[in-house]
Amino acid sequence: MDKTLYNIAQGYLRFRADFLSESGDFYRRLATNGQKPRVAIISCSDSRVDPAVITDTKPGDMFVLRNVANLIPERTSETAWGVRAALQFAIEVLEVEHFVVCGHSGCGGVQAARRNEMIGPQGQRLDDLSVWLRHLSDKFSPLESQVKELDPELHDEFYEKIGIINSLGNLFTFPEIERRVKDGQLHLHGWYFDIKRGELMAYNSAGYSFVPFDSLIKN
Ligand SMILES: [Zn+2]
């Protein structure tokens, strides 16, 4: 076994030891009762951004979708089937009360969409990524003049946050989601995770801005 997989296997053995000594009852309850998460979240597939780790939540607490650039395409998109199926399950079967779109700093997917260039390390064209990220590239193009007014150091963050707002907006192309939001049964949230600082920001739709997550907790 190579070292990488060995480390993963060792992690499993630690999990298994904990399961047998302390967590077994917890998992048996989950197995018996089924899942009833009140929150669903979509985050990027980036290995550094794990929603359960960031929020210190347990299995069963959140229904999690992950894809490149935490992207929710419009419902009519031909490339959205995986996302559509997960959304339908979260909303109509689990009936979650909160849905979170979580983006992050240093998002390679957003940066590739911004450059509109999906080229691999060997110079190969990445067709699947190109099709997927076109959802964002098309939204970014009209913003070029606006972003030029910003400090260049803020450009990546600007587009990463636009990606979150774009996904939140596209959630409204799903009639059942739109209905539940209007009825107050479902609440939508946008989060931005700064990896270097370990900080969450939350989207404030009233002010079109992201505010420190801590400030929401104090209110
Ligand atoms: Zn990312």
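Just so you know, ligand 1 is whichever comes first in the structure, and atom 1 is the first atom listed for that ligand. Computed from heavy atoms alone, side chains included, the values below leave out hydrogens, waters and symmetry copies.
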Ring pair (Phe, Tyr, Trp, His ring centres under 6.0 Å) partners for Phe210, two or more places apart: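 In terms of ring pair (Phe, Tyr, Trp, His ring centres under 6.0 Å), with neighbours along the sequence ignored, Phe210 is linked to Tyr203.
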### Query
Who pairs with Tyr27 by ring pair (Phe, Tyr, Trp, His ring centres under 6.0 Å), at least two apart in sequence or on another chain?
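Counting only residues at least two positions away or on another chain, Tyr27 forms a ring pair (Phe, Tyr, Trp, His ring centres under 6.0 Å) with Phe15, Phe19.
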Applying side-chain contact (heavy atoms from CB on, under 4.5 Å) to Gln124 and not counting sequence neighbours gives Pro121, Gln122, Leu126
Under 2.8 Å from the Zn ion (ligand 1), which protein N, O or S atoms do you find? Ignore water molecules.
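Metal shell, protein only: Cys44 SG, His104 NE2, Cys107 SG.
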> Okay, side chain of Arg66, backbone of Val49: is any donor-acceptor separation there less than 3.5 Å?
Replying inline: yes
Do Thr173 side-chain atoms and Arg75 backbone N/O form a donor-acceptor pair below 3.5 Å?
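Looks like yes, one N/O pair under 3.5 Å.
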Inset, instruction - For atom CZ of Phe172, decide whether the heavy atoms of other residues, nucleotides or ligands shown that lie under 6.0 angstrom number more than 12. - result: no
